[in-house]
Amino acid sequence: MKTPTSGYQRPASLTDAAMHYCAGCGHSSVHKLLAEVLDELEIRERTVGVAPVGCAVFAYFYFKCDISEAAHGRAAAVATGIKRALPDRIVFSYQGDGDLAAIGLTETVHAANRGEPITVIFINNTVYGMTGGQMAPTTLAGQITATSPTGRNPATMGCPIRMCELLNTLEQPYYIERVALDGHGGMVATKKALLTAFQTQVSGKGYSFVEVLSPCPTHFRCSPQDSLKFVGQKMAAQFPVRIFRKEGVPVHA
Amino acid sequence: MKTPTSGYQRPASLTDAAMHYCAGCGHSSVHKLLAEVLDELEIRERTVGVAPVGCAVFAYFYFKCDISEAAHGRAAAVATGIKRALPDRIVFSYQGDGDLAAIGLTETVHAANRGEPITVIFINNTVYGMTGGQMAPTTLAGQITATSPTGRNPATMGCPIRMCELLNTLEQPYYIERVALDGHGGMVATKKALLTAFQTQVSGKGYSFVEVLSPCPTHFRCSPQDSLKFVGQKMAAQFPVRIFRKEGVPVHA
Amino acid sequence: MKKPEAAFFSRVLMMGNEAAAEGAIRAGCQCYFGYPITPQNELTAYMAKHMPERGRVFIQAESEVAAISMVFGASVAGARAMTSSSSPGISLKQEGISYMAGCQLPAVIINVQRGGPGLGSIDPSQGDYFQATKGGGHGDYHIIVLAPASAQEMHDMTMQAFILADQYRIPVMILADGRVGQMMEPVRLYEDSPPPAPPKPWALTGAKGRPPQYIRSLFMEERALEKHNYELQACYRQITATEIKAEETETGDCEWLIAAWGTCARISKGVVQKARAQGIKAGLVRPITLWPFPHERLARLARRSQVKALLVVEMNCGQMLEDVRLAVNGAAPVRFSGYPGGRVPTETDVLNALIELTKTNHHGKVEQPAV
Amino acid sequence: MKKPEAAFFSRVLMMGNEAAAEGAIRAGCQCYFGYPITPQNELTAYMAKHMPERGRVFIQAESEVAAISMVFGASVAGARAMTSSSSPGISLKQEGISYMAGCQLPAVIINVQRGGPGLGSIDPSQGDYFQATKGGGHGDYHIIVLAPASAQEMHDMTMQAFILADQYRIPVMILADGRVGQMMEPVRLYEDSPPPAPPKPWALTGAKGRPPQYIRSLFMEERALEKHNYELQACYRQITATEIKAEETETGDCEWLIAAWGTCARISKGVVQKARAQGIKAGLVRPITLWPFPHERLARLARRSQVKALLVVEMNCGQMLEDVRLAVNGAAPVRFSGYPGGRVPTETDVLNALIELTKTNHHGKVEQPAV
Amino acid sequence: MHERILIAGSGGQGVISIGKLLARLAAETIQHITFFPAYGAEVRGGTSNCQVILSSNEIAAPIAEKFDSLLVMNQQSTDHFMPLLDKNGLAVINQSMCKAHADDRHVLVPATEIADRLGNAKAANFVMLGVWLARKPLIPNRTVENAMATHFPDAPPALIDINIRAFRAGLDFSSSGDRKA
Amino acid sequence: MHERILIAGSGGQGVISIGKLLARLAAETIQHITFFPAYGAEVRGGTSNCQVILSSNEIAAPIAEKFDSLLVMNQQSTDHFMPLLDKNGLAVINQSMCKAHADDRHVLVPATEIADRLGNAKAANFVMLGVWLARKPLIPNRTVENAMATHFPDAPPALIDINIRAFRAGLDFSSSGDRKA
Amino acid sequence: MKKHFRVAIDRERCKGCELCIPVCPLHLLAMSTTMNRKGYHVSETVRAAECLGCIKCARMCPEAAIEILNVP
Amino acid sequence: MKKHFRVAIDRERCKGCELCIPVCPLHLLAMSTTMNRKGYHVSETVRAAECLGCIKCARMCPEAAIEILNVP
Ligand SMILES: Cc1ncc(C[n+]2csc(CCOP(=O)(O)OP(=O)(O)O)c2C)c(N)n1
Ligand SMILES: Cc1ncc(C[n+]2csc(CCOP(=O)(O)OP(=O)(O)O)c2C)c(N)n1
Ligand code: SF4
Ligand code: SF4
Ligand code: SF4
Ligand code: SF4
Ligand code: SF4
Ligand code: SF4
Ligand SMILES: [Mg+2]
Ligand SMILES: [Mg+2]
């Protein structure tokens with residue numbers, strides 16, 4: 001790993017394309033960190049990614065690795081298909097909360113349950129970013145969105161789903177962690193989690209899952225800086241930031 | 001409730017039709033117990049059930065209450081539609097493990113997460129009964145089925161999914177219990193669980209879920225009696241029999 | 001169908017998507033189940049706001065598959081129920097639609113089409129005509145398909161869809177496109193007094209005071225499914241006999257007949273005027289019901305001696321084209337002018353295609369789609 | 001396509017479902033993803049047993065939606081991949097099929113059709129013709145559709161499907177029915193030496209030694225989706241020009257031309273002999289590729305002066321009927337004899353329909369489907 | 001040669017099993033064969049049947065309208081399928097489970113009882129097969145007996161043994177000429 | 001009267017907002033109106049535009065090929081849409097974001113800078129609207145100002161205030177006749 | 001006063017699963033050697049008069065084929 | 001020997017999210033009053049020579065618009 005004193009260079013695994021994300025969007029941050037991981041593990045040339053349907057659908061414009069689209073919610077199943085066909089490649093899916101926890105929940109759970117040796121990166125930003133800020137499975141209680149105009153009412157719309165906790169009831173996953181992009185510390189933690197997840201796959205250990213609590217300043221309707229606060233305070237209160245599964249063993253809170 | 005000394009009569013909520021289930025099938029048992037509950041709570045005339053696609057697809061021939069089919073796996077969503085349209089009716093779905101935990105997992109989890117005030121009866125018999133004994137999400141490790149001819153290999157086919165544990169990570173469910181049809185005691189426990197589940201709904205408390213470990217002598221390839229042993233020993237070892245959620249509060253093992 | 005003299009608001013500027021939502025609400029839609037997708041998000045958002053306000057049911061479902069299943073459930077319970085989506089989401093609903101058709105359940109489904117195939121684009125398209133009219137789901141079934149061309153029609157047809165659905169116990173689809181859905185226009189809203197729903201003795205509301213009943217599409221008894229299919233077909237014949245709708249513009253003396261639906265019909269209407277200004281005797285026939293399709297009307301028009309050729313205009317690669325050719329059945333040449341992949345043609349595009357058509361030598365031979 | 005002289009086994013009695021599975025294996029299918037459904041379960045079970053034995057990939061997916069998505073992934077990675085299901089499950093795959101078409105991904109999809117709509121029955125049917133050939137998914141796309149009529153053809157066509165899929169980068173569907181799938185017949189198996197797959201430079205295998213690449217069906221750049229659609233259409237035209245297949249029986253002098261596919265074609269073959277024995281000059285044309293459809297062949301046959309009328313025979317309410325009418329285009333009357341809801345007609349059923357046809361007075365008017 | 005056979009009974013009576021066995025064994029000598037099973041919705045119980053066509057010529061329509069042989073194992077099947085027996089056809093009827101009048105075309109055999117006496121009522125299907133094969137020797141008896149083990153690889157030896165004895169009992173029954181039993 | 005207007009810029013510049021506002025206000029007096037928005041894939045950034053047609057006659061094709069008015073807010077939009085300006089049309093160009101030659105048909109206005117100076121660069125759209133409305137007084141100025149609060153109910157008062165001031169700055173800019181700014 | 005019970009087994013509903021047999025504390029049930037119309041060997045009572053009315057057998061029967069009636 | 005660093009901010013990549021500003025321990029970054037071509041006010045360095053090379057700003061930047069280069 002680079003030491004601070006060696007400076008910082010734009011990761012080689014990123015293309016030159018300007019990312020289309022809003023200013024301060026967590027997708028940009030995670031893309032950057034993911035590219036750093038591809039660089040550091042030197043796996044860019046043997047990695048195949050799966051982009052979601054969501055704000056990150058254009059991920060293939062930003063990474064210098066092979067990337068496939070998937071139908072909305074099906075990234076884990078598509079990644080399964082790729083990994084089974086090419087077991088020695090590094091395969092990841094990159095998915096939003098609508099994609100992974102709503103329409104694609106079945107595919108998410110079953111890929112984890114089979115212990116597919118893939119890496120799933122889950123961007124939890126509490127909303128459907130791309131379609132204009134609708135309620136997501138992870139929207140907080142009381143949070144106002146385009147489809148919960150008076151705030152999410154848990155009694156009729158449910159409570160925010162905690163995917164790490166849910167997946168942790170399965171036996172096969174090898175590594176599950178939730179991190180929060182809530183500032184500089186969050187960037188460091190997220191990077192570390194992504195690194196661990198890919199290392200898990202590189203060393204053939206099994207399924208890895210990283211949930212990133214991620215800012216969406218546009219639909220949080222606040223500044224990027226305040227978005228980080230929302231992530232670190234409001235979101236982290238509902239979604240505990242910790243390791244849930246380590247080396248195949250559940251870690252209790 | 002009837003006291004033993006008052007004898008036993010065929011539940012009034014059952015029709016006269018002979019059930020098509022195999023001898024010793026758990027579906028028959030649960031139908032009978034469910035009918036008893038409809039009788040005892042006097043809710044038959046305001047109950048609407050949803051039948052699965054699975055061996056129990058013909059449930060509507062056996063109950064003297066209104067019952068709708070649903071597409072494979074969608075019973076919880078169909079039940080949601082019915083309950084939302086008719087909030088004062090008692091609505092239940094009755095589903096197999098393929099239906100509920102494979103193709104219909106998303107609908108299952110999200111109905112539970114919204115806390116839909118319905119009752120979900122989950123017949124876990126470790127196989128796809130109706131289609132000829134294929135592997136189900138709940139098939140035990142090593143268990144031989146039509147699609148796991150050398151036994152379920154957890155490394156490639158996953159481990160049996162424990163639905164109660166998975167649903168128990170959600171906040172809204174009010175009552176979750178797993179029982180086992182492993183003999184006379186199991187019959188009594190199952191009846192009690194069904195009664196609690198429907199009482200939960202009748203008193204407007206919320207979502208209730210009963211998982212019944214259930215014999216399928218045909219695909220277990222053994223006698224009905226040995227099937228009960230399989231349920232009580234092999235299945236119960238993988239799927240702990242207990243209450244998971246009581247009055248909205250998680251119960252820890 | 002009730003069309004009140006004095007509308008509640010005289011004029012409101014509304015998006016087609018919103019006009020449809022408000023139409024549903026005024027038609028007495030009791031339950032709406034949707035899942036976000038562009039370009040119909042305004043519809044879902046409108047329902048999210050206004051259904052709960054009125055004590056009605058709104059659920060943002062976990063997927064399109066769940067949404068159509070919830071519609072199924074609400075319809076089973078006798079409620080007026082609706083869902084809306086756009087092309088990929090509508091594909092996911094195909095199994096559910098087939099089930100509803102099989103179970104003879106009324107419901108309204110709105111498809112605000114976008115470019116395809118696959119994820120395609122979010123631009124307007126008419127690429128789902130086949131899916132809607134021929135049955136994207138499995139088995140022999142039909143649903144009624146209405147094609148609006150304005151925000152006003154989004155409003156009107158959505159209301160009408162509920163009435164047709166209940167009358168025939170059939171799913172009704174509004175096959176709009178991103179253009180009609182996203183465009184804002186002044187809309188005259190209906191009075192807010194829902195047309196009464198017919199009695200629904202088949203609905204599952206609990207077996208109180210009557211024998212228990214069930215709703216199913218599985219028919220395993222010998223030849224029962226065959227019989228059920230014949231019953232469905234009889235219903236489809238009745239709808240075909242009574243519910244076909246089409247609109248004609250300047251067809252009286254026309255030599256060049258444009259056939260177009262939805263947005264393309266509206267554009268073609270402008271083209272007819274422009275063509276006539278240039279001395280080309282153009283006319284337009286616009287199917288309003290895509291299923292049942294106005295085969296006879298088309299056939300009659302095509303057989304008129306002065307009609308030299310037809311031009312089918314669609315934002316796709318030639319789909320209604322097949323129904324037009326089936327109707328015309330060789331009586332006149334049929335040409336195609338298609339705009340796939342989210343492109344909306346301009347009047348000039350269509351006018352040029354028409355002018356080219358008038359220059360072609362026609363000897364009764366029907367051309368294959370040229371796309 | 002390789003059809004070896006000396007087959008590995010001379011004759012094996014096999015179910016159509018198993019013959020297809022073995023065909024896939026011998027075609028070098030590397031990945032199979034399925035979900036149980038009657039009447040195709042034997043296919044999935046066969047793959048469950050034999051794919052892992054050979055070190056290949058078998059997954060019982062969690063649903064049909066997951067299965068087609070896994071096929072998508074395996075195809076993205078350049079593998080020969082397949083899934084199979086029956087009608088309701090195929091409806092669930094429509095979004096995925098549209099995506100694969102949009103992404104130009106090769107794959108083989110087997111539909112062993114059962115009665116519909118909805119849950120229908122588990123009896124054989126041909127009710128999914130429209131869905132398969134017109135596009136059950138959204139947007140303008142086609143997939144190649146092959147219609148087997150015997151266990152042998154289940155074997156042969158499945159192998160051929162992989163070759164076509166790779167050649168044109170297109171999903172290929174085997175549109176069988178429960179009868180063909182469940183029937184056991186002696187089958188000559190191909191040599192177990194898979195036809196080589198063409199190079200797949202587009203596949204995502206990691207960007208080693210080449211620039212990174214991607215697979216997508218989303219085209220948001222201006223007019224990019226339109227252009228993409230024209231490219232797809234160009235591919236479809238090429239397939240139409242080269243891959244149409246149909247079989248004729250006794251058409252040389254026939255006056256009464258039966259058109260039928262799959263199981264109905266096989267039954268109709270018997271009927272042709274019986275009819276001729278009674279002095280009725282019957283003939284049969286059997287489309288083998290349903291898409292691309294043999295429109296020209298049908299048109300040529302129908303235009304022959306001695307042909308008095310056509311009889312379309314299907315186990316549905318009239319689906320291929322539309323393609324036949326489009327092809328015939330008014331040149332001869334077209335009648336329909338349909339068997340929906342899981343009913344398989346007997347030779348007598350079809351013969352009676354034919355005899356009735358010969359008794360009808362035909363004055364060039366095309367009859368509407370009589371179902 | 002063109003023999004159209006229909007075997008019918010309730011699910012669990014093994015009608016599909018013996019149909020398949022018959023087809024497989026016939027395939028060793030007969031050129032054209034189709035076998036078609038029809039299940040009810042029920043895994044056990046309900047009705048199921050299968051059609052086997054054996055022919056020296058290509059089989060165009062793989063669906064027979066009349067049958068040369070009927071093996072019917074329960075009442076429902078008998079009622080349903082007897083009308084489809086060709087006028088020169090042969091019906092073997094499981095008398096244990098159904099009422100039918102014996103005439104020249106009918107062989108009544110108490111197959112379930114015979115099998116029950118041998119230790120497993122479910123072997124009745126093999127009794128039926130034996131009776132039929134004795135009348136229509138399209139396959140050598142030995143072929144059938146030899147095939148039992150290979151064709152039912154999952155069956156325990158004891159069951160195979162009962163099946164073989166049931167089959168022989170069928171053959172014997174037929175040759176004893178006792179049609180009323 | 002038949003006025004075809006196109007407003008274009010990047011996502012986040014509020015082109016859809018002012019188009020919608022314009023359409024709504026026009027609807028109070030003008031009989032036939034269509035408004036059509038076109039978004040890019042990006043929630044913020046990227047390009048977006050909308051077309052507004054105001055007409056005293058029925059609008060058949062709701063899609064214009066040439067425009068009587070263009071309001072273009074960034075370079076990309078200018079390059080893309082200027083060719084669609086009718087020969088008698090009027091273009092209002094946000095000079096802060098793009099280069100274009102002023103001629104009789106073009107009004108160059110440093111809208112973003114003006115708005116930035118007023119406290120929020122994002123109010124540039126209202127500057128543009130003001131400039132345009134001064135030239136094409138199809139709606140009374142007061143109507144626009146009065147509508148601000150009702151049409152943007154979620155906007156904080158301070159923002160509404162800046163918007164109104166930006167709008168007025170646009171009106172003034174136009175009347176000052178300073179096309180080069 | 002000791003209650004008396006009658007065990008009524010519906011022969012045609014019985015599928016011969018034998019689950020009722022072992023649960024009877026008094027071993028009052030056994031499989032018949034005869035078959036019902038569907039071909040199942042059915043359960044029948046032996047020493048019926050001894051029945052305690054504990055309804056264990058009835059509770060156990062999946063088919064609700066057993067009724068336990070009070071004999072007054 | 002003290003290392004020297006150069007902070008290179010790609011003006012055209014910067015979206016003006018301001019996330020880099022508060023993380024710099026020495027407050028070396030501030031928002032410019034000028035806009036880039038996309039209309040974003042961008043981040044720029046003040047007292048650039050003081051940079052410690054801690055790369056906190058670069059780590060924080062979502063757009064990877066900041067590079068910290070060693071100045072030999
Ligand atoms: C089948 C289908 N349904 C719906 C959509 C519309 N859609 C596009 S992105 C999206 C959700 C995006 O939300 P999320 O997954 O949370 O990603 P984010 O944009 O927040 O990163 C939806 C519903 C679609 N493209 N396909
Ligand atoms: C969409 C769809 N996929 C598959 C099927 C076939 N199918 C019918 S029942 C069933 C599974 C039944 O298993 P389970 O839910 O465990 O119920 P059981 O029969 O074991 O009670 C399946 C896959 C179907 N009818 N529809
Ligand atoms: S909408 Fe939200 S998630 Fe999407 S790009 Fe903008 S900030 Fe990111
Ligand atoms: S197959 Fe299994 S689940 Fe189905 S009826 Fe028979 S015993 Fe019951
Ligand atoms: S009621 Fe009790 S005692 Fe009587 S037969 Fe049944 S189990 Fe035996
Ligand atoms: S439990 Fe019921 S079905 Fe089983 S043997 Fe006893 S009486 Fe018969
Ligand atoms: S590297 Fe550290 S010291 Fe230098 S500008 Fe960035 S944050 Fe400040
Ligand atoms: S963090 Fe990056 S994008 Fe944000 S202001 Fe700083 S340099 Fe610009
Ligand atoms: Mg999100
Ligand atoms: Mg099961």
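We use all heavy atoms of the structure for the numbers below, so side chains are in, but hydrogens, waters and symmetry mates are not. Proteins come first, then strands; the chains are lettered A, B, ... in the order of their sequence lines, and each starts at number 1.
The pair Lys191(B)-Glu40(B) meets the salt-bridge criterion, since a charged nitrogen lies less than 4.0 angstrom from a carboxylate oxygen.
A centroid separation of 6.0 Å or more is found between the aromatic rings of His20(B) and Phe61(B).
Taking the six-membered ring where tryptophan is involved, the planes of Tyr94(B) and His27(B) are tilted, since the angle between them lies from 30° to 60°. Ring pair Tyr128(B)/His72(B) is perpendicular by interplanar angle, where above 60° counts as perpendicular and below 30° as parallel.
Ranking Cys14(G), Gly16(G), Cys61(G) against chain B, the residue ahead of the rest is Cys61(G), based on heavy-atom pairs under 4.5 Å. Your options are Arg6(G), Glu12(G), Glu18(G), Lys56(G), and the one with the most heavy-atom pairs under 4.5 Å with chain B is Lys56(G).
With a 4.5 angstrom heavy-atom cutoff, Leu181(B) does not touch chain G via any of its atoms. Contacts of Ile21(G) with chain B are absent, with no heavy-atom separation under 4.5 Å from either backbone or side chain. For a residue to count as touching a neighbouring chain, one of its non-hydrogen atoms must lie under 4.5 Å from one of that chain's; by this rule Asp16(B) touches chain G with backbone and side chain alike.
Here the straight-line distance linking atom CD of Glu63(G) with atom CZ of Arg13(G) works out to 8.5 Å at 0.5 Å rounding.
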